[in-house]
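Here is the structure we will look at, set down as structure tokens.
Chain identifiers are assigned alphabetically (A, B, ...) following the order of the sequence lines, protein sequences preceding nucleic acid strands; residue numbering begins at 1 within each chain.
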There are 2 protein chains.
Amino acid sequence: MPQVKTEAPHEIVGEACPVREVLDRVAGKWSILIIVAAARGPVRFTELERSIEGISRRMLTLTLRNLERDGLLTRTVYATVPPRVEYRLTDMAQELHQSLLSLTDWATRHREEISAARHAYDAERLVDGR
Amino acid sequence: MPQVKTEAPHEIVGEACPVREVLDRVAGKWSILIIVAAARGPVRFTELERSIEGISRRMLTLTLRNLERDGLLTRTVYATVPPRVEYRLTDMAQELHQSLLSLTDWATRHREEISAARHAYDAERLVDGR
DNA sequence: CAGGATCCAATTGGATACTG
DNA sequence: CAGTATCCAATTGGATCCTG
């Protein structure tokens, strides 16, 4: 079982840096995408699989487990047939979602600018051969 | 040359999703770490290399190039001996930094809670063997 | 439906040696 | 100093098959 890392590499450098902390938690686009998707209410596994676009069954499972482990998601199993599992954000994750909004808002506002900067950069290396 | 991706895989799914947009830009812990480090003023290459803790020469270079390409950093070369290169955030990146503050603040506030959730989770799978 | 397990391909990233 | 280039190890992640 890869992932759900044993967190050994952290301890080495001392850890405790909050910036690092948040990144290890949230980095990897799937985490954020899931948090955003679950922000409006409980979601089911298949629902996430369809709405996330491009995520594999494996990565969805892995990411969900990690988020659950970090206390950002709760997983509720209903003993029905067929089984039904719901994921929902914890209060802590709802707060995180608020912070993420500021981030996605920034992205939306600067999408054009970023795209332009990129093309300009690429064009420049093209003419003088780097 | 790996990295500085050709962005082909995006186009396939249609792209344009701002959430995705921001993630591809900012994801990868080094980017955020660099932005935070450069937020207070111009920084030099070696300065970053020392202050980032754990980053390799290679990743630092690669990440700096990507940030520059996206218009988040400017790179200024001074024709001195030895050479001196300074990186500084663009206005757009300064704005991003503000958003990131809300994120790191969240991380700081919930560090304990996350750690506790983790240990609880791990302890649970330990007793019943998953 | 909601995953777990496995296999394999691709990407990421560190270490290191070299250069203007 | 500020990188670039190269080699190789580790991680990531997709595809697939199986099950309660």
Side-chain angles (χ1 to χ4, degrees), chain A residues 1-10 12-13 23-24 27-31 33-34 38 42-69 73-88 125 128-130, chain B residues 1-10 12-13 23-24 27-31 33-34 38 42-69 73-88 125 128-130:
Chain A
M1 180 198 294
Q3 226 94 358
V4 182
K5 46 191 79 162
T6 57
E7 74 181 272
H10 300 317
I12 299 172
V13 291
L23 293 176
D24 288 351
K29 51 185 175 185
W30 303 129
S31 298
L33 257 14
I34 289 175
V43 277
R44 299 181 59 177
F45 188 88
T46 311
E47 212 173 326
L48 285 170
E49 191 172 13
R50 275 196 307 265
S51 72
I52 298 264
E53 184 88 35
I55 194 169
S56 66
R57 212 182 219 60
R58 181 183 135 89
M59 285 317 293
L60 179 55
T61 304
L62 244 31
T63 310
L64 285 172
R65 290 295 163 276
N66 275 319
L67 291 174
E68 191 193 348
R69 185 166 107 106
L73 281 184
T74 59
R75 177 173 175 271
T76 313
V77 183
Y78 295 94
T80 58
V81 185
R84 174 192 185 81
V85 178
E86 277 184 359
Y87 292 91
R88 55 190 86 199
R125 332 283 115 173
D128 56 56
R130 193 154 316 180
Chain B
M1 182 197 288
Q3 228 95 359
V4 182
K5 47 191 80 166
T6 57
E7 75 182 273
H10 301 318
I12 301 173
V13 291
L23 293 176
D24 288 350
K29 51 184 174 186
W30 304 128
S31 298
L33 256 14
I34 289 174
V43 277
R44 301 180 58 177
F45 188 89
T46 311
E47 213 173 326
L48 284 169
E49 191 172 13
R50 277 195 306 266
S51 73
I52 299 265
E53 183 89 37
I55 194 170
S56 67
R57 210 183 223 60
R58 180 183 136 90
M59 287 315 294
L60 178 55
T61 303
L62 244 30
T63 309
L64 286 172
R65 291 292 164 279
N66 275 319
L67 292 175
E68 191 193 349
R69 185 166 108 106
L73 280 185
T74 60
R75 176 172 177 272
T76 311
V77 183
Y78 296 95
T80 59
V81 184
R84 175 193 185 80
V85 179
E86 279 185 358
Y87 293 93
R88 56 190 87 201
R125 332 281 117 172
D128 57 55
R130 193 152 314 178

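Across all non-hydrogen atoms, the minimal contact from A/Trp30 to A/Thr63 is CB-OG1, 3.7 Å. Across all non-hydrogen atoms, the minimal contact from B/Val43 to B/Ala38 is CG2-CB, 3.8 Å. Pairing each heavy atom of B/Ile55 with each of B/Glu49, the nearest pair is CG2-O, 4.2 Å.
Look at CD1 on A/Ile52: it is 16 Å from C1' on D/dG13, rounded to the nearest Å. Atom-to-atom, CZ of A/Arg125 to P of D/dG3 comes out at 12 Å; the value is rounded to the nearest Å. If you measure from atom OH of B/Tyr87 to atom P of D/dA2, you get 8 Å, rounded to the nearest angstrom. Between the CG atom of A/Leu60 and the P atom of C/dG4 there is a distance of 11 Å, given to the nearest Å. Separating the CE atom of A/Met59 from the P atom of D/dT16 is a distance of 18 Å, rounded to the nearest angstrom. Rounded to whole Å, the distance from CG on B/Leu62 to P on C/dT11 is 14 Å. Distance B/Leu64 CG to D/dC1 C1': 14 Å, rounded to the nearest Å. Atom CH2 in B/Trp30 sits roughly 6 Å away from atom P in C/dG14 (whole-Å rounding).
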Pair A/Leu48, A/Leu33 - check side-chain contact (heavy atoms from CB on, under 4.5 Å), show working. CA-CA 9 Å; A/Leu48 285 170; A/Leu33 257 14; over 6 Å; no
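Counting non-hydrogen atoms under 4.0 angstrom, B/Arg84 reaches the backbone sugars and phosphates but no base. Nucleic acid contact class of B/Thr61 (heavy atoms, under 4.0 Å, all strands): base.
Dashed line: the shortest gap from a side-chain N or O of B/Arg75 to OP1 or OP2 of D/dG3 is under 4.0 Å. Taking side-chain N and O atoms only, B/Thr46 has a distance below 4.0 Å to OP1 or OP2 of D/dA2.
Distances from the side chain of B/Arg44 to the nucleotides D/dC1, D/dT4, C/dC1 place D/dC1 closest. Set against C/dG3, D/dG14, D/dG3, the side chain of B/Arg65 has D/dG3 as its closest nucleotide. Checking C/dG3, C/dT6, D/dT6 against every side-chain atom of A/Arg57, the shortest atom distance belongs to C/dG3.
Position along DNA chain D of the nearest nucleotide to A/Ser56 versus B/Pro82 favours B/Pro82 as the more 5'-ward residue.
The side-chain heavy atoms of B/Val77 and B/Pro83, taken from C-beta on, include no pair separated by under 4.5 Å.
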